[in-house]
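Below is one structure, written out as structure tokens, with a few remarks after it.
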Number of protein chains: 2
Amino acid sequence: MRYGRTWLPALVASLGLLLASTATQAGELRGTGDLGVVIEREAGSLVIVEHSNRTTLARVEDLGDFSHASVKFSRDARYAFVFGRDGGLSRIDLLTGTLENRVVQAGNSVGGAISQDGSLVAVSNYEPGGVHVFRADDLGEVARIPAEFGDDGELSRVVGLVDAPGQKFVFSLFEAGEIWVADFSDGDEPDIRRFEDVGKQPYDALITPDGRYYIAGLFGEDGLVLLDLWDLDAGPQRIMDGYGRGEEPLPVFKMPHLEGWAAADGKLFLPAVGRHELLVVDPDGWQEVARIPTHGQPIFAVARPDGRQVWVNFAYPDNDVVQVVDVADLEVAHEIEPGPGVLHMEFTPRGEQVWLSVRDEDRVEVYDPDSMERITSLEAITPSGIFMTWRAHRTGL
Amino acid sequence: MRYGRTWLPALVASLGLLLASTATQAGELRGTGDLGVVIEREAGSLVIVEHSNRTTLARVEDLGDFSHASVKFSRDARYAFVFGRDGGLSRIDLLTGTLENRVVQAGNSVGGAISQDGSLVAVSNYEPGGVHVFRADDLGEVARIPAEFGDDGELSRVVGLVDAPGQKFVFSLFEAGEIWVADFSDGDEPDIRRFEDVGKQPYDALITPDGRYYIAGLFGEDGLVLLDLWDLDAGPQRIMDGYGRGEEPLPVFKMPHLEGWAAADGKLFLPAVGRHELLVVDPDGWQEVARIPTHGQPIFAVARPDGRQVWVNFAYPDNDVVQVVDVADLEVAHEIEPGPGVLHMEFTPRGEQVWLSVRDEDRVEVYDPDSMERITSLEAITPSGIFMTWRAHRTGL
């Protein structure tokens, strides 16, 4: 079942007791290495959680439209930067559980990134198409990069924004079919390098964990485009042509997230678009080496930090099931049914827990990925994305 | 130059002003994702540092013999566990800058590890030979694992202790020539699996970043031994036979640290023993693919987090120089001379800074690894190991 907004006050009230019992922790001295946030999709709020004792610490409300939301963390792992659908950029203090600053910086936004040195926060916008860059400490504006293309100064929607080593941001222009690299290593005026004609309609992108390869998916073509950031002069190259995007397709209920690619055992695991399959890719040559049949259309493929398992969730109507691929055998080894609307999965940094959001039952489930047993369950209002602070220390996350 | 202990009081006094100016920060609310500690070798103390503004926050003294010392962090990145040469295990609160607990748990100790879930701290001992396991929160004893071998109950020195996925500790027995896997997933009574006859005198070991392969160096033979933790039944296998350990050797001034292996661009960079070379190994088949000539006998080979560079320091008398290998070209691209006695190097987690300890000039230098320029310099008393809290979130670190 799904809720309208009318049910919210009652649920917030019922969760109030839970939070009141732990609210005294806000403002106390504590480490921030075991913290995380859970986006509460319909409520436009989030809860701050910790994964040592697996409890909820605080709720932060009135954060706008979270029908799409993502989170980055400050380099000291104290602050969360939350990017909402409505262009809102919020800076949350995880220690005090408060909204410290918020700017509505565009009309329609899909994601953000934080620079290598932690000083800059970038937001990619649909409307107006471009990238806005802010100072991480006070959200003061640093730069606007309008995504102009063609001869008429038209603006393109921007997707697939990531940080990269060398104080760079890399992003793709959907309508323009371009990839841009904005280099802030010389200060607040970026040096921008444009790559045109990379392919039709790049719709999302990822960067490999080492920050070397930027890979964008193409909505308008059956292939991907790759940029080697160690050798920008080589320019973009097409890979995985005919990988399945353009085959006679199943209906696509939801585009998979490319940032959901999992790296494990030297291979990459990629949700096929519209198909009930996970593609296994060898980055040495960028060839497909296997296809793993799955329960539904994969949305996220997330590797356990030790690379032994890849956890996969699915598009509606199969989003009550999660499958676990054994990386050594390249087969589905386990299947669980956490409940309706499993939207996201996040591992603790060393992999002994995996957290799953079960949107339609207002629960976050914590599993032991070795025993496949449920460890505990936390209440949250229509939870979607789960983000933990260990991401502060990884490129592209 | 090297100092005796007589110079210490004067230097501590001269550094007192520096610390006093920042000491008010101790006890204040702050994130712990950008913290680190620097071991002060001769003084038996350490300083707590932060790498956002690159300052020293506090000094903690009276920690015993730090002629060899290593550090692990609690899962919330608030506490440092320091393993001293004299068997001392200290728990330090990074937020308050205080020694919270200390046990002298053996007579001669070389290293430690923290379990996957963060609940257990293990220490490997020479005297008495074995592993002691403590509760991370109060240092209460959990288990003693005497390293008995042969028919007479003789105890072996223990080296190469690491944590591994599945709540395991893995370690090697020098005199016994064995590798043991202690599994604590069922509680405080470990299930121990012994592998005998792995090779003569394993002297140090590492675990790959994904926690899959445990590799021990052999002092008594010219080769390494590998254990695949995904397939323990396959048992240990010899790799890299004839890699140089047993060739007609140069005098070995200091054994390289195996934990100093660097993983970059799908390859491993290994300090050769006694030779002026870095070995490049392809983990697919464990074959040597290149040798890179270096300035001296390498001690640590540390990869920049993006894998684009490997930084190498050297044994005496070449320990005033650091060389930087370009991973794409497999050649030394830069050489710097930070000063006499460069003992250790640590990158910030996303690689925009590298910190170097210059023992004989009581300085820690911070470099920008892109420009190769020095960013700043911090005072510390005979600094050796530098450890940052991002390690809390990685297996084997």
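Numbers restart at 1 for each chain; the letters A, B, ... are given by sequence-line order, proteins then strands.
At a 4.5 Å heavy-atom cutoff, the contact between B/Ile114 and chain A is made by backbone and side-chain atoms alike. B/Ala392 touches chain A through its backbone: at least one of N, CA, C or O sits under 4.5 Å from a heavy atom, while the side chain does not.
Comparing A/Pro349, A/Gly351, A/Gly166, A/Gly118 by heavy-atom pairs within less than 4.5 Å of chain B, the highest count is held by A/Pro349. Note: A/Pro165 leads A/Pro283, A/Pro165, A/Gly211 in heavy-atom pairs under 4.5 Å with chain B.
Pairing each heavy atom of B/Gly33 with each of A/Ala77, the nearest pair is CA-CB, 4.1 Å.
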Any donor-acceptor pairs between chain A and chain B, under 3.5 Å? If so, list them.
unit_1	atom_1	unit_2	atom_2	d
B/Leu29	O	A/Arg78	NH1	3.1
B/Thr32	N	A/Thr32	OG1	2.9
B/Thr32	N	A/Asp76	O	3.3
B/Thr32	OG1	A/Thr32	N	2.9
B/Thr32	OG1	A/Thr32	OG1	3.4
B/Gly33	N	A/Asp76	O	2.8
B/His51	O	A/Arg75	NH1	3.2
B/His51	ND1	A/Arg75	NH1	3.0
B/His51	ND1	A/Arg75	NH2	3.3
B/Ser52	OG	A/Arg75	NH1	3.0
B/Arg75	NH1	A/His51	O	3.2
B/Arg75	NH1	A/His51	ND1	3.0
B/Arg75	NH1	A/Ser52	OG	2.9
B/Arg75	NH2	A/His51	ND1	3.3
B/Arg75	NH2	A/Glu352	OE2	2.5
B/Asp76	O	A/Thr32	N	3.4
B/Asp76	O	A/Gly33	N	2.9
B/Arg78	NH1	A/Leu29	O	3.1
B/Ile114	O	A/Arg350	NH2	2.8
B/Ser115	O	A/Arg350	NH1	3.2
B/Ser115	O	A/Arg350	NH2	3.4
B/Gln116	NE2	A/Arg350	O	2.6
B/Asp163	OD2	A/Arg350	NH2	2.8
B/Arg212	NH1	A/Asp265	OD1	3.0
B/Asp265	OD1	A/Arg212	NH1	3.1
B/Arg350	O	A/Gln116	NE2	2.6
B/Arg350	NH1	A/Ser115	O	3.3
B/Arg350	NH2	A/Ile114	O	2.8
B/Arg350	NH2	A/Ser115	O	3.4
B/Arg350	NH2	A/Asp163	OD2	2.8
B/Glu352	OE2	A/Arg75	NH2	2.5
B/His393	O	A/Arg394	NH2	3.3
B/Arg394	NH2	A/His393	O	3.3

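In this view, A/Phe184 and A/Phe169 satisfy the ring pair (Phe, Tyr, Trp, His ring centres under 6.0 Å) rule, not counting sequence neighbours.
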